[in-house]
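So the structure is just underneath, and the comments pick up after that.
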Amino acid sequence: MTLMRPIVKNAALASLILLGLSACGSDNDDMEVTTPLPPAPVNYTYEITVTNLTNAQPLSPIAIALHQAGNFWVVGESASNALEMLAEGGDNSALLADSSVIASATSTAPLGSGGRETLNVTIQDINDAKLTVATMLVNTNDAFTGVDAVSLASLSVGSSMSLYGNVYDSGTELNSEAIGTIPGPADSGEGFNEPREDTGFVSMHPGVVSMDDGLTGSVLSAAHKFDNPAIMVKVTRVE
């Protein structure tokens, strides 16, 4: 009888150990590995309103681009082909197709004198975008206006900034104002043409001379003159 007691005790102990191991195994099987969800994307939406401040210079469809690097023009440097297309013919498609553009918008019709156009553009998870706005003064040979590479990093939701665009000469076409050379309603002439005949670099525009100033052959009048700035741009972050 004395030999049976340790055997019984050892059997009981073994059972307890097995039960414990079984319980541990059950706990491991019930454990779930949870993968944290990625953070929700943050939208940055900007409402951009462009006002034409000129007297008789309709603006070509407004090009709006958000980007993080580069400039679309620099005074004293040669205009890109995309800028030449916009400045001579009002075509903004090549400018908005630039590889630096991360989001863009364009109006679909010219903006008349005193007119106002509002467009929205949205990007995700980029809080330091730069804004470029560009448009042609269509009653000229190759004048354009806009603002280039303006940082939007300081704008919080609900805040705004006002910007003003001066008039530039793309330096790609002579300012002859001659019949057949101006695409706007003053002439309905040619727009973009590939040969470059002017200074070859972007500069501040010297202004319209016109027939009223004695420029023989000009199709423009004193009404087509313009002052700086030519446009006002109001930017509001709405999201």
Side-chain angles (χ1 to χ4, degrees), residues 50 52-63 65 67 69-101 110 130-150 163-231 233:
V50 178
N52 183 344
L53 302 178
T54 70
N55 176 59
Q57 284 288 344
L59 303 176
S60 65
I62 310 297
H67 53 107
N71 294 82
F72 285 90
W73 65 85
V74 176
V75 171
E77 295 187 7
S78 178
S80 66
N81 288 336
L83 183 61
E84 180 184 6
M85 291 176 66
L86 180 137
E88 291 184 7
D91 181 359
N92 64 31
S93 58
L95 187 145
L96 294 179
D98 188 89
S99 60
S100 67
V101 176
K130 295 179 180 180
L131 169 69
T132 291
V133 177
T135 179
M136 178 192 183
L137 282 68
V138 296
N139 282 330
T140 66
N141 288 101
D142 62 342
F144 70 97
T145 183
V147 295
D148 182 41
V150 176
L163 309 166
Y164 294 87
N166 292 328
V167 182
Y168 301 90
D169 190 323
S170 71
T172 59
E173 183 175 307
L174 291 172
N175 298 326
S176 67
E177 303 176 13
I179 187 169
T181 68
I182 290 177
D187 180 33
S188 299
E190 180 187 50
F192 168 74
N193 63 76
E194 192 170 354
R196 297 192 174 192
E197 301 173 336
D198 201 5
T199 62
F201 58 85
V202 177
S203 63
M204 301 304 298
H205 201 285
V208 167
V209 177
S210 91
M211 64 178 76
D212 295 332
D213 301 305
L215 180 60
T216 304
S218 173
V219 297
L220 303 182
S221 70
H224 298 109
K225 290 177 176 289
F226 49 80
D227 296 317
N228 286 320
I231 59 171
V233 181

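FYI, the numbering just counts along the sequence from 1. As a basis for the values below, the full set of heavy atoms in this structure was taken, side chains included, without hydrogen atoms, waters or symmetry mates. Because the structure is a prediction, the values reported are computed rather than measured.
Of the inter-residue distances, the one linking N71 atom CG with W73 atom CH2 reads 9.0 Å to the nearest 0.5 angstrom. Note: D98 CG to S93 OG = 12.0 Å, rounded to the nearest 0.5 Å. Atom CG of L220 sits about 8.5 Å away from atom CG of L215, to the nearest 0.5 Å. Note: N55 CG to F226 CZ = 12.0 Å, rounded to the nearest 0.5 Å. Remark: S170 OG to F144 CZ distance equals 6.5 Å, nearest 0.5 Å. In this structure, the separation between CG on N228 and CE on M204 is 5.0 Å, given to the nearest 0.5 Å.
A donor-acceptor pair under 3.5 Å is absent between the side-chain atoms of E190 and the main chain of P183, judged by distance alone. With S60 contributing its side chain and T135 its backbone, the two residues share no donor-acceptor pair below 3.5 Å. Distance alone, capped at 3.5 Å, is enough to place a donor-acceptor pair between the T145 side chain and the N166 backbone. Panel note: side chain E88, backbone D142; no donor-acceptor pair is recorded below 3.5 Å. Judged purely by atom type and a 3.5 angstrom limit, N139 uses its side chain to pair as donor or acceptor with the backbone of A56. At distances below 3.5 Å, not a single donor-acceptor pair connects side-chain atoms of D91 with backbone N or O atoms of M85. Distance alone, capped at 3.5 Å, places no donor-acceptor pair between the T54 side chain and the A230 backbone. Put simply, the side chain of N175 never gets that close to the backbone of V208: no donor and acceptor are under 3.5 Å apart.
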Walk me through it: do V150 and L163 pass the test side-chain contact (heavy atoms from CB on, under 4.5 Å)?
CA-CA 9 Å; V150 176; L163 309 166; 4.0 Å; yes
Determine, stepwise, if the pair V133 / L131 fulfils side-chain contact (heavy atoms from CB on, under 4.5 Å).
CA-CA 7 Å; V133 177; L131 169 69; 3.9 Å; yes
Working note: V74 + V202, criterion side-chain contact (heavy atoms from CB on, under 4.5 Å); need CA distance, chi angles, decisive distance, verdict.
CA-CA 7 Å; V74 176; V202 177; over 6 Å; no
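P58 and N52 get closest at one heavy-atom pair: CA-ND2, 4.1 Å. Taking each heavy atom of T132 and A149 in turn, the nearest pair found is OG1-N, 3.0 Å. Minimum heavy-atom separation, S100 to A69: CB-O, 4.0 Å.
Surrounding CG of L174 are more than 12 heavy atoms belonging to other residues, nucleotides or ligands, all under 6.0 Å away.
Remark: F72 engages H67 in a ring pair (Phe, Tyr, Trp, His ring centres under 6.0 Å) (not counting sequence neighbours). With sequence neighbours excluded, the residues forming a salt bridge (Lys or Arg N to Asp or Glu O under 4.0 Å) with E84 are R196, listed by chain and number.
I231 is listed as a side-chain neighbour of L59, based on a closest heavy-atom distance under 4.5 Å. A heavy-atom distance below 4.5 Å is not found between the side chains of V167 and P229. Contact annotation: the side chain of E173 never approaches that of F192 to less than 4.5 Å [non-hydrogen atoms, C-beta and beyond].
With 3.5 Å as the limit, one finds no donor-acceptor pair spanning the side chains of D198 and T172. Side-chain contact, S210 with D212: no donor N or O sits under 3.5 Å from an acceptor N or O.
For residues 177-188, every residue pair satisfying the side chain to side chain donor-acceptor pair (under 3.5 Å) rule, not counting sequence neighbours, is listed here: N141-T181, E177-S218.
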